[in-house]
Amino acid sequence: GVWLSLATLLGFVLMLFIYWLSRFRGKFLAGKWMVTLVLFIILDFLWYLNSGSAGPILYIFIVYYSMLIFIWEGKTRRILMVFFFINLCILGWIEYKNPGELVNYKSELSRIIDIYSSLALYALIATALLIAARNVFLKALEKAQHSDRLKSAFLANMSHEIRTPMNSILGFSQLLDEDISSEERKRYVRIISENSIYLLQLIEDIIDI
């Protein structure tokens, strides 16, 4: 009836506001909490208005539960999961103790239409969530693979850059032990010094990176 339509409209308006708050004001954490709490309250209200377990609202509880797993992590997610199941137990107890107090359908046909149309809608919502989760996973995988390729290229390049001055230092150091002229010795020492400075600068750049 009217209350069900108003609750749905209110939920839609609140979701738009939360989207605006998160998307354009950058309040992502506040948006997450608002989505979690607003949907929690609205779903319980819709459960009452839609005949409890006889209506379709329990289907969207699964979508809500999937959303909790998707947007939260760590200790917060575990706590919210516990509250979710506690809430389900409370709703089941209320319906068992007060079966006649829930808002009932006017006819069996209206109940069937509402359940199957809602199930189709919730399936679309669940599909959107799963596709979003899959896209996030694929983007993260692609980013990790790209980072791995960059790391391999960086290490290969650094290996080449380090070995070039090291070969010069080692090679000309060995030549200093041979019987060479004073001019050649000075030239070798200069080459060793230049490559040592280059190698030191290269190491400092790598540390900075």
Side-chain angles (χ1 to χ4, degrees), residues 12-40 62-85 123-209:
F12 178 73
V13 172
L14 287 173
M15 290 302 106
L16 286 179
F17 171 74
I18 293 170
Y19 173 78
W20 172 83
L21 187 69
S22 303
R23 177 69 177 81
F24 299 104
R25 300 303 297 267
K27 305 293 184 180
F28 297 107
L29 183 59
K32 286 167 60 174
W33 275 113
M34 290 180 68
V35 166
T36 301
L37 296 177
V38 167
L39 286 180
F40 182 80
I62 300 299
V63 179
Y64 175 75
Y65 182 72
S66 302
M67 185 203 70
L68 292 181
I69 296 175
F70 180 68
I71 68 174
W72 293 103
E73 58 185 19
K75 185 178 179 180
T76 303
R77 178 166 60 189
R78 291 193 294 271
I79 293 174
L80 290 173
M81 290 168 63
V82 170
F83 274 110
F84 173 84
F85 285 106
L124 291 176
I125 296 174
T127 300
L129 285 176
L130 291 174
I131 291 175
R134 182 176 181 273
N135 290 338
V136 169
F137 169 76
L138 291 177
K139 287 181 180 179
L141 178 62
E142 182 181 353
K143 184 177 180 180
Q145 291 174 341
H146 181 64
S147 297
D148 185 63
R149 289 192 296 268
L150 289 178
K151 179 195 70 176
S152 300
F154 174 79
L155 291 176
N157 187 52
M158 288 301 100
S159 176
H160 172 74
E161 292 294 326
I162 291 174
R163 286 180 181 181
T164 299
M166 281 298 300
N167 288 334
S168 297
I169 293 171
L170 292 174
F172 284 101
S173 296
Q174 293 173 356
L175 291 176
L176 290 176
D177 290 335
E178 299 182 0
D179 186 14
I180 56 176
S181 65
S182 177
E183 289 298 324
E184 288 181 320
R185 185 176 298 276
K186 290 181 181 180
R187 187 168 67 88
Y188 293 167
V189 170
R190 186 178 71 254
I191 293 173
I192 292 172
S193 177
E194 291 174 352
N195 280 274
S196 297
I197 294 173
Y198 173 75
L199 181 60
L200 179 61
Q201 183 62 50
L202 182 63
I203 292 174
E204 289 177 349
D205 290 342
I206 294 173
I207 293 173
D208 289 340
I209 293 174

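In this structure a side-chain-to-backbone donor-acceptor pair under 3.5 Å is missing from S193 to V189. Within the 3.5 Å criterion, the main-chain N or O of I191 finds a donor-acceptor partner in the side chain of N195. In this structure, S196 contributes its side chain and I192 its backbone to a donor-acceptor pair below 3.5 Å. Remark: the backbone N or O of W72 is not paired with any side-chain donor or acceptor of K32 at under 3.5 angstrom.
The line from CG of L170 to CG of L175 is 11.0 Å long, rounded to the nearest 0.5 Å. We find the CG-CD1 distance between N167 and I162 to be 11.5 Å, quoted to the nearest 0.5 Å. Note that CG of L138 is 11.5 Å distant from CD1 of I131, once rounded to the nearest 0.5 Å. How far OH of Y188 is from OG of S181: 7.5 Å, rounded to the nearest 0.5 Å. Taken to the nearest 0.5 Å, the CG atom of L141 stands 11.0 Å off from the CZ atom of R134. Once rounded to the nearest 0.5 Å, the distance linking CG of L150 with CD of Q145 reads 12.0 Å.
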Margin query: Set out, in order, the CA-CA distance, both residues' side-chain angles and the distance that settles side-chain hydrogen bond (donor to acceptor under 3.5 Å, both in side chains) for E161 and Y198, then state yes or no.
Written below: CA-CA 10 Å; E161 292 294 326; Y198 173 75; 2.6 Å; yes
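Of all non-hydrogen atoms in T36 and Y64, the two that sit nearest each other are O-OH, 2.8 Å. When every heavy atom of M166 is checked against every heavy atom of L199, the shortest pair comes out as SD-CD2, 3.3 Å. Contact detail for L176 and R185: the closest heavy-atom pair is O-NH1, 3.1 Å. Between I69 and R77, the shortest heavy-atom distance links the atoms O-NH1, 2.9 Å.
Taking the six-membered ring for Trp and thresholds of 30 and 60 degrees, Y65 and F85 have ring planes more than 60 degrees apart, a perpendicular arrangement.
No more than 12 heavy-atom neighbours from other residues, nucleotides or ligands sit within 6.0 angstrom of CD on E142. The number of heavy atoms from other shown groups lying within 6.0 Å of CZ (F70) is above 12.
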